[in-house]
Amino acid sequence: MRCFWTDKTVIAYIALAHHTRFILPVMERLKNQGARIKYIVGQAERSQEVTAIEMGLTYAHILDYVTPDDTREIHRNYSRLRRSFSLSLKNSFLFALQPVTVTDKTLYATAAEYTGFRNLMAIEKPDLCFALHELNRWGKMFAFWAKKRNVPFITLQEGLTYGLDFGYSGHAQYSSLSLVWGDRVKKKMVGFEAPESKILPVGNTHIANEIRFQKVNQIRETKRKAFGVADHTVPLLILSSILPSPDLFFPIFTAVAQTSRMTLIVKFHPACKKPQTDQWIAAIPEPLRTDIRFVHTDESMYDLISVADVCILGQRSTTGLEAVAFDKPLVKLDSAYTPDNPYSFVDQGVARKMSADECARELKKGTDFSAFIDRPRRERFLAQELYDPTNAVDRVCTVFEQIISANRNADILPLTDPAGPTNLTWSIFVPVPDNPDLFLSQIEAVAANSENCGAFETIFLEPENTPADVRRILDTLTGEVTRIPLSETRDPASVINAAAAAAKGQVLIFLDRYLAPLNGWLDVLGKGMAGNASSGIFGGRICSRQGKIAHAGLVVDRNHTPVSAYRHLDMDFPGVRKQRSFQMLDHCVVLKKSVFVRAGGFSSGAGNYRFMDLCLKIDRITDNKDAVMYLPELKLIFLDTPPDRAAGGQSIYFYGRWHGTLWESETHLHEKDGFSPRDLDQARVTAAMRSSG
Amino acid sequence: MKKTIIWIVQSNQVTSSIYEYMKIIRTRMETFVNIEFKIPDTSAEMAERIKDLEPVVFRTTSKGTKNSFQAYLAKQNELKGGGFPEDLAFSDVLLLDDFGGGSVQQITADLPASEHTCGMIIQIPSPLGSSLNEEMVFHAMVLWARQNRIPITGYELLPIDIRWSLAPSLLDGIITRYPDSYDHLNTIPEMQNIRLLPLYESALFSITATQFHVSGVRAAYHYRKLYGIPPRRPIFYIPHNVAMIHEYQVLLQILLPAAGKIHLMFGYGKDQVRGSHTQKEIIEIVYKTELHHFKSFSFHDMTHSWEVLMSDGVIACASCFQTMIALENSLPTLIFDPALPPLATGLKKRIDKRDPLLEEIERIICRKDDTTEMADILMQMAHREPERTLC
């Protein structure tokens with residue numbers, strides 16, 4: 001059988017070695033499965049070429065893709081950049097963190113690389129692009145051009161994400177998806193406005209392989225012998241990129257110097273500069289240095305963790321997680337501990353907090369630090385941090401395959417065999433939920449508010465595991481009612497499509513669960529559809545139980561994910577009272593059966609995104625620029641919390657297929673409606689105050 | 001009251017020639033403008049090295065914050081609207097990594113500004129050769145000047161005819177050393193008040209400048225005043241030789257169409273006497289008709305070879321000692337010799353016909369229009385109302 005990857009090209013951008021280690025196992029796997037892989041480096045004074053060379057990777061430089069014909073464009077873009085920064089630098093110190101000359105070099109390189117990434121996409125025509133993250137300029141521009149060409153772009157998590165909190169909002173802006181290690185990280189990122197639907201926990205792509213490698217190759221034994229510490233106790237002190245004063249660690253240095261058969265390894269962060277580490281070492285008195293081995297980038301961090309008997313965090317460090325995963329006892333010095341930190345090894349019970357004096361005493365006593373490991377908490381911690389501790393690479397490759405498949409699914413084929421007479425006006429599709437009371441309220445609202453506006457039928461989509469009391473309600477229903485069973489083994493899209501094809505209504509209405517229409521809704525729909533192109537799809541103004549906007553047409557936010565226009569504002573906020581077209585609608589869509597058939601119905605795999613997917617398909621097959629129409633007088637209310645799109649896992653399909661179509665439009669809507677950010681802040685405050693009152 | 005121009009001096013920016021020049025220009029300007037030399041404390045060691053200029057060391061302070069959300073938003077706002085044509089915002093591309101997210105640093109100069117201060121002079125840093133302190137102080141001074149509504153003019157020490165042009169764009173005026181830099185910056189719309197120094201001044205702003213160049217600038221100032229040569233009048237140096245009287249007469253005849261605009265410097269041997277006439281007398285007698293057409297002319301001892309620097313170009317009838325000096329100092333050099341085939345190597349052009357020679361001369365004359373002496377630049381700064389110069 002022909003392997004999926006045989007004719008696929010995957011391009012990864014790489015920069016620093018300690019980041020590339022997460023990308024490499026995935027790329028190697030894809031290569032082994034037949035994919036054509038390519039590594040790209042960018043322009044940086046801290047050479048990214050060195051990473052590729054030292055890791056034995058064949059690479060191309062992004063500026064290899066820039067030709068003399070691009071010179072004018074590069075100069076134009078550089079001039080734009082220079083003008084922006086020049087204006088700021090003349091008047092403020094905001095960009096004075098680095099010298100003007102360094103800023104200038106960055107700006108020129110950015111202009112050149114911007115063109116390089118565009119050309120790279122055009123020349124290599126990749127099926128998927130991959131980078132550690134899109135917070136730096138290379139990742140961002142690479143992601144941007146991939147999106148422009150509708151090529152899926154996947155980012156990984158860089159570390160434990162306890163750095164620049166507000167930075168997480170940009171983590172999956174142009175990426176199709178961001179794959180993170182675990183749920184805790186996802187939660188944290190989402191807490192800082194990263195898009196929930198685009199962030200998938202998959203695990204750490206490197207650590208499982210590394211643990212296996214260390215065991216198979218007996219690295220601990222080999223390295224301890226090579227270091228001459230085979231019979232020594234070896235604490236490993238891990239430092240971060242900004243070095244603290246060495247005085248902080250003098251008690252530990254002293255304990256090591258005074259204890260026979262003990263060697264301390266001090267590991268500097270790769271981002272530290274050599275002159276800094278030299279100066280730091282020189283500040284330690286000579287007699288205290290005799291039993292310390294200082295390591296910068298000349299040894300693998302994992303080898304050192306293997307060698308160690310206890311890992312001591314002298315500062316915040318991602319490496320703590322890796323030490324725990326390696327089953328090493330972990331100590332965090334109290335000087336590095338911040339109470340109530342959003343993330344803390346100590347608070348989660350996987351590190352012992354100690355002062356340098358305490359740690360020194362324990363070292364001198366010959367304490368077995370592994371006795372401090374709290375096994376149950378360790379397991380819980382790893383489950384939260386590493387979604388899949390052993391098969392993360394498999395998971396990533398599966399996501400890659402799924403997203404490429406969705407992306408290539410560009411054809412829109414009409415449904416075949418649209419059987420059935422259309423002797424009714426409306427066919428109303430209602431998904432059957434779990435809560436009998438709310439369901440009853442919903443169907444009462446449908447029945448009571450649909451009278452005298454044309455004949456209708458109600459089609460219930462009934463999951464296999466529908467609770468008995470809900471079934472009992474269904475059993476009592478009479479009239480034009482059809483129950484369509486949804487089984488877990490059959491694709492729900494094909495079942496619903498078949499039901500829609502057989503429906504008796506000329507117009508199909510699809511409602512979300514617990515969504516109740518208000519009085520006169522069919523009247524509004526009838527008029528709205530008559531007054532607009534019949535080839536379109538229609539949606540309405542939906543409020544939450546609290547009376548706030550849950551849907552007023554969908555816009556795309558700065559993370560390029562769909563959100564309701566003016567969500568959470570008051571139901572009668574002026575911006576939602578205008579009939580207009582949008583790119584997408586959600587929760588309730590209404591369209592002629594013939595249009596549904598022509599658009600191929602709901603897509604298999606679209607899941608929770610089926611309404612949005614349908615809107616995008618209709619938008620694509622019609623010439624009508626107002627094909628997706630929001631009718632503000634079509635009013636509905638959610639009887640429960642609106643469904644969570646991100647929960648279904650179908651984002652791989654949705655962002656894979658429509659990656660190149662979803663571009664930020666929320667700001668444009670606000671500008672067009674004349675609302676400034678301040679106006680909207682004020683409206684949010686007003687809405688919140690009304691809710692609390 | 002006399003106005004004051006502040007000249008910022010930092011480490012690695014002053015050679016002995018530049019130091020000499022600073023003294024010369026300060027003396028030259030003293031009737032009109034005070035030039036005060038100021039040194040940031042990051043370059044305090046310079047105070048001793050340039051003590052004759054009575055420099056004043058001023059304090060700089062650095063403060064900053066890390067990971068501030070307010071700072072991040074302020075940066076984002078600062079770049080608002082800036083982006084690539086395809087709608088990728090600069091703030092999205094650059095803020096979180098290259099430009100430090102919410103971290104900021106401010107270096108301020110504790111430098112009092114008097115109401116008489118009318119300008120500041122500072123060296124323009126280059127992305128390929130300046131030092132960190134120098135560059136940080138450069139930006140601090142740009143902000144200081146802006147806040148005090150004092151125009152700031154940068155001068156080229158390291159070449160600025162390069163792809164990077166952010167530093168020059170922060171200035172109210174730019175003094176270039178090289179025609180290439182002058183031409184390059186003139187292609188960039190937002191660069192303003194670009195000036196090109198004449199060779200005798202620009203040659204000093206070099207690590208290879210020597211006493212020869214200091215003598216050159218002194219001579220230029222002296223003869224310009226002595227002969228009343230206005231700043232924009234083109235000057236050509238003629239290394240006369242009695243062995244080629246006829247050739248030089250032909251040359252002068254060719255130059256006649258341009259003669260009304262130019263000053264001629266005749267280089268001659270003071271002790272060269274042929275018969276009863278000195279070389280100078282031979283020139284005055286034989287070329288009397290031609291010389292009458294030239295705007296002005298002067299005689300220069302050929303052993304004072306630094307005086308060549310005063311000219312905008314050398315025109316000779318054969319390669320000689322002075323053409324060698326000219327070429328070694330980047331002066332355009334034209335050799336008119338119908339006996340040899342034409343040749344062009346860099347600034348040296350050997351020409352065998354009248355029209356090409358005139359074309360080259362016109363080119364040099366045009367270039368003269370671009371040059372401005374340092375004293376004139378300083379006077380322009382002094383006569384400018386600061387409030388009106390700032391945008």
Side-chain angles (χ1 to χ4, degrees), chain A residues 73-114 118 133-141 144-145 148 163-171 173-174 242 558 663-664, chain B residues 64 67 69 71-75 77-79 81-108 125-136 138-140 142-143 146-147 163-167 169-171 188-190 391:
Chain A
E73 181 191 63
I74 291 168
H75 283 176
R76 267 200 307 273
N77 284 334
Y78 169 64
S79 297
R80 281 168 171 258
L81 282 155
R82 190 194 54 227
R83 270 197 297 275
S84 286
F85 279 83
S86 177
L87 208 60
S88 173
L89 286 165
K90 276 183 189 175
N91 295 299
S92 87
F93 59 88
L94 283 169
F95 292 105
L97 193 62
Q98 55 191 1
V100 169
T101 51
V102 176
T103 296
D104 204 2
K105 284 185 274 191
T106 303
L107 299 185
Y108 195 91
T110 301
E113 288 163 343
Y114 180 74
R118 183 200 59 198
H133 61 71
E134 58 157 307
L135 297 181
N136 58 41
R137 70 171 193 259
W138 304 284
K140 191 66 79 184
M141 293 192 291
F144 173 80
W145 280 117
K148 275 277 174 193
L164 288 165
D165 291 341
F166 46 86
Y168 302 141
S169 61
H171 231 297
Q173 191 184 3
Y174 290 95
I242 299 166
R558 74 177 296 274
W663 290 92
E664 206 268 341
Chain B
N67 301 344
F69 186 53
Y72 172 70
L73 290 180
K75 286 183 183 180
N77 195 47
E78 196 79 351
L79 296 178
F84 290 101
E86 292 80 7
D87 270 349
L88 177 61
F90 295 152
S91 56
D92 284 343
V93 176
L94 292 164
L95 268 198
L96 281 172
D97 189 54
D98 283 304
F99 292 108
S103 300
V104 285
Q105 187 185 10
Q106 181 181 19
I107 294 180
T108 45
S126 159
L128 300 179
S130 305
S131 76
L132 179 67
N133 280 338
E134 207 178 306
E135 292 165 351
M136 298 305 262
F138 169 79
H139 184 233
V142 167
L143 289 179
R146 195 92 176 160
Q147 281 152 9
R163 60 175 71 168
W164 302 283
S165 51
L166 181 63
S169 77
L170 303 182
L171 302 164
I188 302 171
E190 59 268 41
C391 48

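Values below: every heavy atom of this structure, side chains too, minus hydrogens, waters and symmetry copies. We name chains A, B, ... by the order of the sequence lines, and we start the count at 1 in each one.
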If you count heavy-atom pairs under 4.5 Å with chain A, which of B:Pro189, B:Ala89, B:Pro125, B:Pro85 comes out on top? B:Pro85
If you count heavy-atom pairs under 4.5 Å between each of B:Ala74, B:Gly64, B:Ser165 and chain A, which one has the most? B:Ser165
Under a 4.5 Å heavy-atom cut-off, does chain A meet the side chain of [X], its backbone, both or neither?
| X | answer |
| --- | --- |
| B:Leu88 | both |
| B:Ser126 | backbone |
| B:Ile107 | neither |
| B:Glu190 | side chain |

Do other residues, nucleotides or ligands put more than 12 heavy atoms under 6.0 Å from the CG atom of B:Leu73? yes
Below 4.5 Å, heavy-atom pairs only: which of A:Gln98, A:Arg80, A:Arg118 has the largest tally toward chain B? A:Arg80
To check you understand the geometry: which heavy-atom pair defines the closest contact between [X] and [Y], and what is its length?
| X | Y | answer |
| --- | --- | --- |
| A:Leu94 | B:Lys75 | O-CE, 3.1 Å |
| B:Leu166 | A:Leu89 | CD2-CD1, 3.6 Å |
| B:Ile188 | A:Arg82 | CG2-NH2, 3.1 Å |
| A:Lys140 | B:Asp92 | CE-O, 3.2 Å |
| A:Pro99 | B:Glu135 | CB-OE1, 3.1 Å |
| A:Asp104 | B:Pro127 | OD2-CG, 4.4 Å |

Going from CE on B:Met136 to CG on A:Leu97, what distance comes out if it is rounded to the nearest 0.5 angstrom? 7.0 Å
Distance in Å, A:Arg137 CZ paired with B:Leu96 CG, rounded so as to fall on 0.5 Å steps: 14.0 Å
Evaluate side-chain contact (heavy atoms from CB on, under 4.5 Å) for B:Leu94 paired with A:Leu81, printing each intermediate quantity in order. CA-CA 10 Å; B:Leu94 292 164; A:Leu81 282 155; 3.8 Å; yes
Where do B:Ser169 and A:Phe85 land on the side-chain contact (heavy atoms from CB on, under 4.5 Å) test, with the steps shown first? CA-CA 10 Å; B:Ser169 77; A:Phe85 279 83; over 6 Å; no
Do [X] and [Y] come within less than 4.5 Å of each other through their side chains, counting heavy atoms only?
| X | Y | result |
| --- | --- | --- |
| B:Trp164 | A:Thr106 | no |
| A:Thr103 | B:Phe99 | yes |
| A:Trp145 | B:Glu86 | yes |

Results of ring pair (Phe, Tyr, Trp, His ring centres under 6.0 Å) for B:Phe84 - residues two or more places apart only: A:Tyr114, B:Phe90
Any residue meeting ring pair (Phe, Tyr, Trp, His ring centres under 6.0 Å) with A:Tyr174, in chain and number order, not counting sequence neighbours: A:Phe144, A:His560
Under the 3.5 angstrom rule, does the side chain of A:Asn136 hit a backbone N or O of B:Asp97 as a donor-acceptor pair? no
Tell me, side chain or backbone of A:Trp138 under 4.5 Å from chain B's heavy atoms, or both, or neither? side chain
Please classify the contact of A:Gln173 with chain B as side chain, backbone, both or neither, using a heavy-atom distance under 4.5 Å. side chain
From CA spacing to verdict: side-chain contact (heavy atoms from CB on, under 4.5 Å), B:Glu78, A:Ser92: CA-CA 9 Å; B:Glu78 196 79 351; A:Ser92 87; 3.4 Å; yes
Could you walk me through whether B:Leu132 and A:Val102 satisfy the side-chain contact (heavy atoms from CB on, under 4.5 Å) test, starting with their C-alpha distance in whole Å, then the side-chain angles of each, then the deciding distance to 0.1 Å, before giving a yes or no? CA-CA 9 Å; B:Leu132 179 67; A:Val102 176; 6.0 Å; no
